[in-house]
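Just below is one structure, and these are the notes that go with it.
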Protein chains: 2
Amino acid sequence: MIKINTKLLLGDCKEILKTLDSNSIDLIITSPPYADRRKHTYGGIKPEKYVEWFLPISEELLRVLRADGTFILNIKEKAENGERHTYVLELILALRKQGWLWTEEFIWHKKNCYPGKWPNRFRDAWERLLQFNKTKKFKMYQEEVMVPIGDWAKDRLKHLNEVDKIRDNAKNGSGFGKNVSNWLNREKAYPTNVLHLATECNNKNHSAVFPEDLPKWFIKLFTKEGDTVLDPFMGSGTTIVVAQRMKRNSIGIDILPEYIEIVKNKTSPVQYYLVEEKGIYETNKYKGCTKIC
Amino acid sequence: MIKINTKLLLGDCKEILKTLDSNSIDLIITSPPYADRRKHTYGGIKPEKYVEWFLPISEELLRVLRADGTFILNIKEKAENGERHTYVLELILALRKQGWLWTEEFIWHKKNCYPGKWPNRFRDAWERLLQFNKTKKFKMYQEEVMVPIGDWAKDRLKHLNEVDKIRDNAKNGSGFGKNVSNWLNREKAYPTNVLHLATECNNKNHSAVFPEDLPKWFIKLFTKEGDTVLDPFMGSGTTIVVAQRMKRNSIGIDILPEYIEIVKNKTSPVQYYLVEEKGIYETNKYKGCTKIC
DNA sequence: CCATTTAATGAATCGTTAG
DNA sequence: TCTAACGATTCATTAAATG
């Protein structure tokens with residue numbers, strides 16, 4: 001039996017994070033309140049104050065993350081008064097100064113972006129997914145996110161229904177437990193750093209702008225079953241829900257009791273699974289790093 | 001008759017630019033040598049020196065650009081030793097300090113990106129197309145780059161479900177485009193700030209990494225016939241060739257005589273066209289700005 | 001002459017070897 | 001202990017070759 005914990009913590013993550021153990025998290029994936037957005041829920045941080053506001057939090061994130069762990073930050077600067085703000089650029093520079101490595105910038109191409117029309121710009125159809133690490137030797141399971149090779153897009157147009165069924169099946173039995181290497185050799189290719197995902201429109205109470213596939217992709221890429229995922233700005237809990245479904249321990253923090261309640265109803269605090277053939281507690285390649293950092 | 005000039009200037013653009021008139025350019029679109037790239041052709045600028053190297057050039061660009069003109073900068077930071085360099089971020093901040101407005105960041109999604117496999121990252125499939133302006137009132141002809149809605153819908157069909165399709169229709173009917181000319185009303189939609197283009201594989205002598213569609217798109221978007229386009233790092237001249245074909249005046253600068261020769265063979269210095277029905281010298285909406293700035 | 005296969009080639013990045 | 005140079009890896013596209 002393996003035991004998966006899902007912890008939901010109420011409070012300001014700057015404070016709550018201090019209660020977490022050092023080097024205990026394998027993956028942080030979060031979408032913090034953008035500057036001046038979500039004023040009614042979060043404070044609504046002024047762009048000029050954004051870096052200053054974020055650094056104390058990221059300092060705690062740096063502490064709780066394992067040396068071979070990864071921090072994925074979903075963010076996009078707003079346009080205001082005809083210009084893009086620069087606080088995200090400044091944040092990247094500041095995080096590096098704080099000790100983070102800026103490893104990569106993935107692009108999330110939002111296929112169905114927010115509608116609108118302006119005389120001076122087009123609709124914004126992409127967001128940044130910034131990857132930060134503590135060390136250069138981080139865990140990365142690239143095979144887990146391999147995609148059907150080449151012109152799968154063309155094929156899908158021709159046989160739309162067929163392929164969609166296949167894709168659905170792949171989703172449901174999402175690859176774990178089976179020995180993948182057999183059937184994916186020349187059928188699949190590694191993805192790039194551009195992710196094409198549609199936002200999910202939730203007509204429910206709280207809109208989940210974050211599509212489930214996004215945390216799912218990064219959780220597959222950077223963690224194994226039994227690892228621990230953290231989202232310090234949980235919101236409606238997409239990351240936490242997906243993590244639990246994928247048999248990862250997870251910790252979600254939010255300042256609003258409302259969100260804690262919502263996610264509580266979508267998850268269970270403890271779950272048990274039968275151990276599969278290949279033990280989940282695999283030898284960690286980079287264990288040595290933990291002591292260094 | 002209208003007369004279109006195509007000037008090719010040999011030399012270091014930092015010096016050559018000084019010979020150009022102030023406020024004489026409608027669109028600058030260029031792809032400068034990236035840091036540490038093209039060592040054999042250009043010098044190969046060190047990442048640490050990149051901003052310092054670029055600023056004197058961009059100062060001249062700021063001078064020659066019209067107040068209602070636009071500057072499109074194609075660039076991407078390299079990854080080295082496990083980390084992305086930050087010189088592009090620093091360049092954006094420095095350009096703003098120099099007086100430029102950072103209006104937008106388009107994403108060029110390179111469908112056929114460079115191959116390769118590494119333990120710590122995927123292939124890099126995107127580049128930045130940074131838009132800078134002198135003033136907030138710049139020319140932008142959005143209707144010129146509208147895309148057939150069919151393609152758009154097709155593209156979306158690939159990844160979206162029924163609910164999303166319905167939402168699409170709601171979007172399309174949502175108001176804009178009434179004053180636009182008749183033939184594009186329900187056939188076309190505005191694009192977003194993500195461009196999907198493949199690099200052109202030139203097996204010829206000199207590779208044009210820049211696909212023709214890229215300058216074409218921006219020339220349509222930011223200029224009219226008879227306007228002037230500048231590329232201070234001309235290279236094999238994709239921008240210049242496209243500009244001439246689109247009946248725009250153009251100025252190309254390059255430090256290598258070789259490139260000047262190549263582009264000379266692909267263009268003619270002066271071309272004449274019959275004036276079409278709707279005069280090309282349309283009233284400029286933002287003419288007033290010229291005086292202000 | 002068209003449909004299909006094969007070959008060549010990049011604005012890449014990392015690890016290793018040489019100076 | 002550095003930096004510089006080279007090989008290995010990889011895939012979408014185009015050109016050339018094949019049937």
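Protein chains get the first letters and strands the later ones, always in sequence-line order, with residue 1 at the start of each.
Salt-bridge annotation for B:K14 and B:D12: absent, with no side-chain N of the basic residue lying under 4.0 Å from a carboxylate O of the acidic one. A salt bridge links B:E104 and A:R121; the closest N-O separation between the charged side-chain nitrogens and carboxylate oxygens is under 4.0 Å.
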Which protein N or O atoms sit under 3.5 Å from an N or O of nucleotides 12-16 of chain C?
unit_1	atom_1	unit_2	atom_2	d
C:dA12	N7	B:Y114	OH	3.1
C:dT13	OP1	B:R84	NH1	3.3
C:dT13	OP1	B:R84	NH2	3.4
C:dT13	OP2	B:R37	NH2	2.9
C:dT13	O4'	B:W118	NE1	3.3
C:dT13	O3'	B:R121	NE	3.4
C:dT13	O2	B:W118	NE1	2.4
C:dC14	OP1	B:G82	N	3.3
C:dC14	OP1	B:N120	ND2	3.2
C:dC14	OP1	B:R121	NE	3.0
C:dC14	OP2	B:N81	N	3.1

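For the pair B:K110 and B:W126, the cation-pi criterion (under 6.0 Å, within 45° of the ring axis) is not fulfilled. For the pair B:K117 and A:Y190, the distance from NZ or CZ to the six-membered ring centre is under 6.0 Å and the angle to the ring normal is within 45 degrees.
In this structure, CH2 of B:W108 is placed 13 Å from C1' of D:dA12, rounded to the nearest angstrom. A straight line from CG of B:L214 to P of C:dA11 spans 14 Å, rounded to a whole angstrom. Taking atom NE2 of residue B:H196 and atom P of nucleotide D:dT13, one finds them 13 Å apart after rounding to whole Å. At whole-Å resolution of the value, OH in B:Y34 and P in C:dA11 are 10 Å apart. One interatomic measurement links the two molecules: NZ of A:K188 to P of D:dC11, which rounds to 13 Å at whole-angstrom precision.
If you check the side chains of B:Y87 and B:E52, you find no donor sitting under 3.5 Å from an acceptor. Under 3.5 Å, the side chains of B:T223 and B:R248 contain a donor-acceptor pair of N or O atoms.
Listed by chain and residue number, nothing satisfies the salt bridge (Lys or Arg N to Asp or Glu O under 4.0 Å) test with A:E90 (two or more places apart in sequence, or in another chain).
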Here DNA chain D, pairs taken as Watson-Crick or G-U under 3.5 Å and shown with ( ), [ ] when crossing and | when to another strand, reads .||||||||.|||||||||

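Nucleic acid contact class of A:P191 (heavy atoms, under 4.0 Å, all strands): none.
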Would B:I28 and B:I72 satisfy side chain to side chain contact (heavy atoms under 4.5 Å, CB included), going step by step from the backbone distance to the final call? CA-CA 6 Å; B:I28 301 166; B:I72 298 292; over 6 Å; no

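Taking only side-chain atoms of B:N112, from C-beta outward, the nucleotide of D:dC11, C:dA11, D:dT13 with the closest atom is D:dT13.
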